[in-house]
Amino acid sequence: MLTNKIALIAPNKNFTLRALDLFGEWGEKIHVAVATKEDVVTIGQQLSERGADALICYATFNETIKTTVNIPTVSLRPSLLDLLQCLQAVKNWLINNGKTVSSQPVVGLIGDAIGTDAAAVAAILGIETKNLSGEQREDLSEIAAVVKEVTIIDDNQPCEPVSTFHTVPCFQVTVGRETVFKALQQARELVMAGRVERVKLEQFKAIMEFTGEGIIAVDSRRRISYINHTAERLLNKSREQIVGKLAAAVLPDINLDDTLRYGQTRVAPLTSGDQSFTCRIVPMLIGGQTVGAVLAINEVPFSVRDKDKANKALDESGYKAVYHFEDFITANPFMQETLEAAKSYACVDSTILIHGDTGTGKEIIAQSIHNYSPRCQGPFVAVNCAALPESLLESELFGYESGAFTGARKNGKKGLFEQADKGTIFLDEIGEISLSMQARLLRVLQQREIMRIGGDKVIPVDVGIIAATHRNLPELIEKGAFRRDLYHRLSILQLRLLPLSARTEDIPPLVETIGRKYAAKLLKKTLQFSAGAMNILTRYRWPGNVRELEGVVERLMILKKDTLVTAEDVNKVLDISRQCLNDDVRTVPKGTMEEIEYAIIMQVLKETGSHELTAKTLGISTTTIWRKIKSFQNERQHFNLQ
């Protein structure tokens with residue numbers, strides 16, 4: 001092992017001898033090795049393996065070395081001071097010997113390690129430079145002198161040229177003793193910094209080894225850089241089998257895209273052998289940039305056999321979510337932000353309330369949240385609260401005991417809350433339920449407990465709750481039709497979905513996606529929409545939103561004999577009246593005043609492409625437009641963070 005923690009890789013024997021003399025003079029014990037371009041990598045790796053904490057390399061070696069060893073390197077080359085001393089001496093010699101033919105002499109430069117820095121120093125001294133190769137023989141008539149890099153250690157104060165370069169006076173620039181001393185200081189600082197970082201790393205590793213969770217670190221290249229003993233035990237894999245491998249190869253169940261690209265924290269299921277785990281994926285951030293991810297793995301009380309049984313039971317019950325966030329087609333910035341917020345909400349167990357008109361995709365969002373959440377292995381139970389009378393809704397939600405009422409099953413029945421245990425229940429059209437039902441629902445939200453009709457036993461339920469409505473619940477509260485305490489319990493996290501008329505940029509991709517789906521279903525070719533047909537579709541108000549659009553595309557797919565859809569075809573299937581189009585009267589979407597203002601401003605802004613023209617069209621100032629857009633976006637951001 002090396003007793004010295006710093007080593008120097010020198011380019012030749014003379015450089016080595018002079019470096020050893022300087023280190024002896026300074027009382028430093030630095031190991032010096034001579035290398036060539038062919039063996040420098042091998043020597044660097046050997047020095048690293050023998051315990052060197054830092055390497056000082058001549059500049060021509062440094063780029064090669066620093067990419068092949070895992071210790072810090074310092075590049076040694078003629079410094080700015082060395083170049084300044086040399087070029088100043090060259091200029092003085094040219095003046096004293098009458099060699100300057102102009103106010104700005106031209107000096108040739110030879111050497112890979114001096115080009116850029118020498119040109120910058122020469123410009124300060126009023127010298128023009130030209131890079132030359134060691135074999136160059138032409139175009140030297142304008143060159144007054146040549147400065148050549150020489151790989152030795154010496155002070156740079158030449159009085160006379162040391163040689164000629166094809167009859168041109170040649171001066172040498174070398175590495176000065178002060179440059180060597182500074183490189184040594186820099187190497188010592190790197191060693192000290194490395195020791196501090198190693199201490200921190202060892203402390204971190206010690207903490208990671210004693211935690212009860214399995215910990216895996218993944219770098220920005222998606223390679224596993226660290227795994228603790230708990231993770232080795234849980235996954236039944238050794239460190240040697242995992243570290244350095246691509247995460248996708250070792251953990252195929254885990255999708256790191258949202259974490260590494262967008263800094264998203266999420267929870268996902270993980271299977272290894274016959275065991276199932278939950279995996280929390282957290283981004284590693286440095287200066288606001290994602291540089292990797294940490295995976296925290298925990299055991300869950302399900303074996304693969306149990307999970308297979310559970311999946312089979314889910315399939316048989318039909319309580320399974322089929323949609324994912326990728327299924328929600330949108331190019332609208334507001335809706336894209338909403339999807340990102342929904343992904344964040346999926347990682348926690350707080351109640352979520354989704355606002356949106358009928359047909360805007362509330363259940364798609366609810367199913368996507370379930371499939372993105374830790375509850376994705378459990379059931380997804382959806383119930384439309386508006387479709388059932390109150391008496392039936394109560395028995396469906398909470399279940400009943402045997403003999404609770406005439407016609408009740410002999411053994412009673414589980415309610416939907418019980419059937420959603422360990423999963424998610426989606427309460428659609430929550431604004432339609434009665435006040436008495438609201439009171440019962442409030443207890444479930446507060447205590448996560450239910451009591452069956454006719455029962456006397458409290459049953460705990462472990463469910464995630466997502467509610468949705470197209471109604472304005474604050475208005476219902478003011479009218480006494482909705483409980484304020486229930487609203488606050490439901491709306492811990494909120495999402496707002498825009499109507500299709502407020503996001504017309506989504507219509508073309510939606511038409512294409514829906515068209516492909518029904519073409520496959522009906523065994524037909526995909527429809528091609530003319531510009532006139534698409535113009536009508538984007539101007540239509542779509543009171544039924546995406547659901548109505550899907551019906552129109554399916555109707556066209558069935559009726560059309562060919563694949564080209566014209567404006568006349570669209571007019572026939574829509575049965576459009578003038579008031580259904582956005583011609584003289586612009587579409588006014590539903591929602592609060594702020595939402596309506598925002599939607600109209602964004603709609604006109606898209607039509608005009610200019611804030612000035614939008615302001616002129618709407619009869620307001622551009623300042624007002626900027627203020628209202630910013631105000632609405634800030635309100636939404638605050639709204640989502642509650």
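As a basis for the values below, the full set of heavy atoms in this structure was taken, side chains included, without hydrogen atoms, waters or symmetry mates. Being a predicted model, the structure only gives us computed values, none of them experimental.
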How close do [X] and [Y] get, heavy atom to heavy atom, and via which atoms?
X	Y	value
Leu393	Cys385	CD2-O, 4.1 Å
Ser350	Leu493	CB-CD1, 3.8 Å
Glu505	Pro508	O-CD, 3.7 Å
Ile297	Cys279	CG1-SG, 4.2 Å
Asn332	Ala502	ND2-O, 3.9 Å
Pro379	Asp421	CD-O, 3.6 Å

side-chain contact (heavy atoms from CB on, under 4.5 Å) evaluation trace for Leu251 with Leu235: CA-CA 10 Å; Leu251 306 168; Leu235 300 179; 4.0 Å; yes
So, does [X] use its side chain to make a donor-acceptor pair with the main chain of [Y] at under 3.5 Å?
X	Y	value
Thr504	Ser501	no
Asn545	Leu500	yes
Arg222	Asp219	no
Gln438	Ile433	yes
Ser395	Leu392	yes
Arg448	Val463	yes
Ser530	Val565	yes
Asn571	Ala567	yes
Lys362	Gly356	yes
Trp542	Pro499	no

Atom pair [atom1]/[atom2] of [X] and [Y] - distance to nearest 0.5 Å:
X	Y	atom1	atom2	value
Leu574	Leu537	CG	CG	6.5 Å
Ile558	Arg555	CD1	CZ	9.0 Å
Thr338	Gln494	OG1	CD	12.0 Å
Thr513	Ile329	OG1	CD1	4.0 Å
Met557	Arg516	CE	CZ	11.0 Å
Phe398	Arg452	CZ	CZ	13.0 Å

Side-chain H-bond candidate by donor/acceptor type, [X] with [Y], under 3.5 Å:
X	Y	answer
Gln367	Glu363	yes
Asp506	Thr330	yes
Tyr518	Glu550	yes
Asn371	Ser368	no

So, do [X] and [Y] sit near enough that their side-chain heavy atoms are less than 4.5 Å apart?
X	Y	answer
Met437	Glu432	no
Thr278	Arg280	no
Ile242	Lys245	no
Ile365	Tyr345	no
Leu388	Val383	yes
Val444	Leu397	no
Phe417	Ile465	yes
Leu441	Ile430	yes

Arg471 and Glu429 ion-paired at < 4.0 Å: no
Salt-bridge criterion met for Lys517 and Glu554 (N-O under 4.0 Å): no
Audit row: His355, Thr469, side-chain contact (heavy atoms from CB on, under 4.5 Å) steps and yes/no: CA-CA 5 Å; His355 297 265; Thr469 183; 4.2 Å; yes
More than 12 heavy atoms from other groups under 6.0 Å of [atom1] on [X]:
X	atom1	value
Lys560	NZ	yes
Lys525	NZ	no
Glu568	CD	no
Asn236	CG	no

Candidate pair Met335 and Phe328, rule side-chain contact (heavy atoms from CB on, under 4.5 Å), full reasoning: CA-CA 10 Å; Met335 290 305 303; Phe328 195 97; 3.6 Å; yes
Option among Thr259, Ile281, Val218, Ile216 that satisfies the side chain to side chain contact (heavy atoms under 4.5 Å, CB included) test with Ile254: Ile281
Pair Leu549-Tyr540, side-chain contact (heavy atoms from CB on, under 4.5 Å): steps then yes or no: CA-CA 10 Å; Leu549 176 63; Tyr540 184 63; over 6 Å; no
Passing option when His370 is tested against Phe325, Tyr323, Phe380, Phe426 for ring pair (Phe, Tyr, Trp, His ring centres under 6.0 Å): Phe380
Pair listing, salt bridge (charged side-chain N to carboxylate O under 4.0 Å, His left out) test, anchored in residues 370-382, at least two apart: Asp349-Arg375, Arg375-Asp462
